[in-house]
Amino acid sequence: MEKSYDPKQVETRWYRTWSERGYFHASTAAEGRPYVIVIPPPNITGSLHMGHALNNTIQDILIRWRRMQGLNALWVPGTDHAGIATQNVVEKQLLAEGSSRDKLGRDRFIQRVWDWKAQSGGTIIEQLKRLGASCDWDRLRFTMDDGLSKAVREVFVRLHEDGLIYRGKRLINWCPRCLTALSDIEVEHEDTTGKLYHIRYPLADDPATHLTVATTRPETMLGDTAVAVHPEDPRYNRLIGKSIALPLTTRRIPIVGDPILVDREFGTGAVKITPAHDFNDFEAGLRHDLARLAVFDQHARMDASGLREAHVEEALRERLASQPVQKARTFVVEALEKGGFLVKVEDHAMALGKCYRCKTVVEPYLSPQWFVKIQPLAEPAIKAVESGQIRLIPEQWTNNYLGWMRDIKDWCISRQIWWGHQIPAWYCRNCNAEAILETTSPRSLTITSEAKPIVARTAPAHCPDCGRHDFVRDPDVLDTWFSSALWPFSTLGWPDQTPELKKFYPTSTLVTGFDILFFWVARMIMLGLKFMGPVPFKDVYIHALVRDAEGQKMSKSKGNVIDPLQVMDKYGTDALRFTLAAMASPGRDIKLSEERIEGYRNFANKLWNAARFILMNLEGPRAESPAIERSEDDRWIMSRLNRCISEVNAALEAYRFDEAANTLYQFIWHEYCDQYIERAKLALADKNSRQAASTRKTLLESFDVLLRLLHPFMPFITEEIWQAIPHTGASIMLASYPTPHTTLIDESIEKRHLWLQTVIANVASTTSANRITPSQGFSVVISSPNIEVVNFLRPYDGKIKALTRASEIQIGSDVPIPDTASANTVYIVNGEANVFVWPHSGAIDIAKEISRKEKRRSELNAQMEQDQKKLSNPDFVAKVPPDVLEKTKKRYEECRLEHEKLSGELKRLREMAGGSA
Ligand SMILES: [Zn+2]
Ligand SMILES: [Zn+2]
């Protein structure tokens, strides 16, 4: 083995070997219960960021762990075509070349995107390989490959047949920059302060009487088609049926009674209705059969023909034509003020909707779109989670999921872009002559909501109504999430009944961030239940976000991005993976810093050094059990190891990657390397002793187990070391995952060793605090009234002496205790033993020792006070997760015990200080 660990060459070499040997492939013919994960497909435009690194590390840990357990583990990889995102990337390139998608035309533009994908779309896949992801690359899928496109068409046609997909002119969220519809959850809401304008609306037949309406968007008043009051409001109900002379227009609009839209207690009690520009008004418009007057065009500019249709006064109309929203608002408010219609303007807190892709303010826009009727699909998906067929982990997400699903709105699935699955609907030109509006320059195609679509898997041969063959295809494409909603079964070959589908569906676990719980997870559940019957997955593990060390969101503009690729170059992939696993506490965002990663790089080096020590000490007879019984130290480490195995497996079963990683870290660093290997060095000093034989055997056995236990977290270094030590099997990837031998767990050995550890640690901290060096010499005296303690410690006298580097040691129940009154002696209470450290020359600074211990005691006081406060707060006790409560109680108890001991030691030190004074 090399003197120091060089991650780069090891990682490349092993990943290639694993891949070439087909270790990642899961065969339908393989034995073992299937364990399946489908990857959340990263966008083809994507480059690996920390979120991906966390998400995929967790999946790889699960897959490697289950594979080693003997399960037929399949991790299905793939990428998403990412409609708007990808189209934007290619459009930007065209712009830079002085071209545009319109110049290219639809077919050539789409070809251009495929070319781009062939060149740059595989970047993220190569980056996942660097992360060590053991995906079955033979089964790599793409949301627009032939098989998945077939699945998309099949689902669309069947949902349409079942009456669950419809086309209609509805108000939808519209991005005036991307020029496409967005679904409700593609709109991000941002709190802001706007203005509330109160406007006077005079009665048509009685201009002296008026109603006052309030709006944050005065420019939309030009498209008002009614005013609503509450039918039971005595102030206004007599006006229902009368008309308003709508200011700035020559139109009259009715006053209607609407108890849903109007809250009598709120505002002025009168509400303007603009069905073409507001979602609630749109619904009210349906109730009262009101016209919809759109005064804005698709670019969110005032539309000349819309203004004409709305009978806006001519002078204003000319001023407003083609003006953007803000300008239009200024002009309309000016005109209202001039006409004496503006009552007042106030500040108003409001939420502004923005496009999640480009952050442009989203406008409600009236246009023909395709929708999924979602209620019938949502009901079984609610039941699947309520009944526990699908578990969300951590459980707290269940309420978010259920709340959202119970209030779900129809899903707008059409997008007015080119890159994506084009909707499989055709219109007969002959039968829909009026409804198909086509111009050649500039090229545009509008199909009104009156057109009758023919939905089919392939282009129809003849029109069923007129028998002709002259069709135009619906130009819209499907929301990207439509195809990813089919991911768990489309990737396995559906709609064909493939062996893969039979073997690997339903999948086992989905690992995802909470930000796509509704975009993706909920929709996979709905469509999985609809088309497959069984749930698409049983467990959904929802991880947190990765933020910077201060808890800030990582962003290029803030300059606080930690790039996983750079980190892997600098510290090695295993260090990054281990960091992310160790920090993945449920429900808490990860505050990542480079220091943490560096720390786990040191951990990898520690493991490497341990391996080198073991390899260099293999020479000599190795005890074959049961010929030689293991020494006490060896039995101790085997006990601790088996406890560690049991804890790591339990943590992984519970998706507690943080607990699994921290258990491994604590055990390997503090017990295995710091204690066991140090003691092994002593045991091996006499190469031919029985003890050396026992230790050699135990070192090898335990190290092999430990590497296998660590492999899912740190796949590369564990393979490299495992290959260097004696082992059976071709690769650690295929070796079995350790299970605990409970017979080797020995409570009493562990308890005794805990005493031993604390004695050594106490002596070490005392000597270092007092700068007592081995060269000046010091004695350690351990006395205990408990004969069991003495009997256990006595055989270790040589070891304690060696490990603490004391020049002399005495252990017993009646050993002469140093004269604490005159000697420079430090006294430590350690459980049932009293420990004295006695320097042979020089002096212990008792005052310093007192102040050191007092400092520690006040730290303990502060901690205890804090915990006491929490524990006596009923809110804390009722609301925190049980494990946090348990931890707080335990910490309080530990502090109390240490506090008690320290007080005893301080009392003794003060007596000494007094005595020597
Ligand atoms: Zn946009
Ligand atoms: Zn026809």
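Residues take their numbers from the sequence shown, with the count starting at 1. Whatever order the structure lists them in is the order used to number ligands and atoms, beginning at 1.
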- Could you walk me through whether Arg292 and Leu171 pass the side-chain contact (heavy atoms from CB on, under 4.5 Å) check? CA-CA 10 Å; Arg292 301 163 188 163; Leu171 204 57; over 6 Å; no
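Residues forming a side chain to side chain donor-acceptor pair (under 3.5 Å) with Trp411 (at least two apart in sequence, or on another chain): Asp479.
Listed by chain and number, Cys428 SG, Cys431 SG, Cys463 SG, Cys466 SG are the protein N/O/S atoms closer than 2.8 Å to the Zn ion (ligand 2), with waters left out. Protein N/O/S atoms found under 2.8 Å from the Zn ion (ligand 1), listed by chain and residue number: Cys175 SG, Cys178 SG, Cys355 SG, Cys358 SG.
With values rounded to the nearest 0.5 angstrom, Ile199 atom CD1 is found 6.5 Å from Lys272 atom NZ.
Residue pairs meeting the ring pair (Phe, Tyr, Trp, His ring centres under 6.0 Å) criterion with at least one member in residues 83-115, sequence neighbours excluded: Phe109-Trp418, Trp114-Phe142, Trp114-Trp419.
Of all heavy-atom pairs spanning Leu128 and Leu48, the tightest one is CD2-CD1, 3.9 Å. Across all their heavy atoms, Ile423 and Arg473 have their closest contact at O-NE, 3.1 Å.
No side-chain donor from either of Gln111 and Asp107 sits under 3.5 Å from a side-chain acceptor of the other.
Using cut-offs of 30° and 60° for the angle between ring planes, the Phe156 and His160 rings count as parallel.
Under the 4.5 Å side-chain criterion, counting only non-hydrogen atoms from C-beta, Asn430 is not in contact with Asp470.
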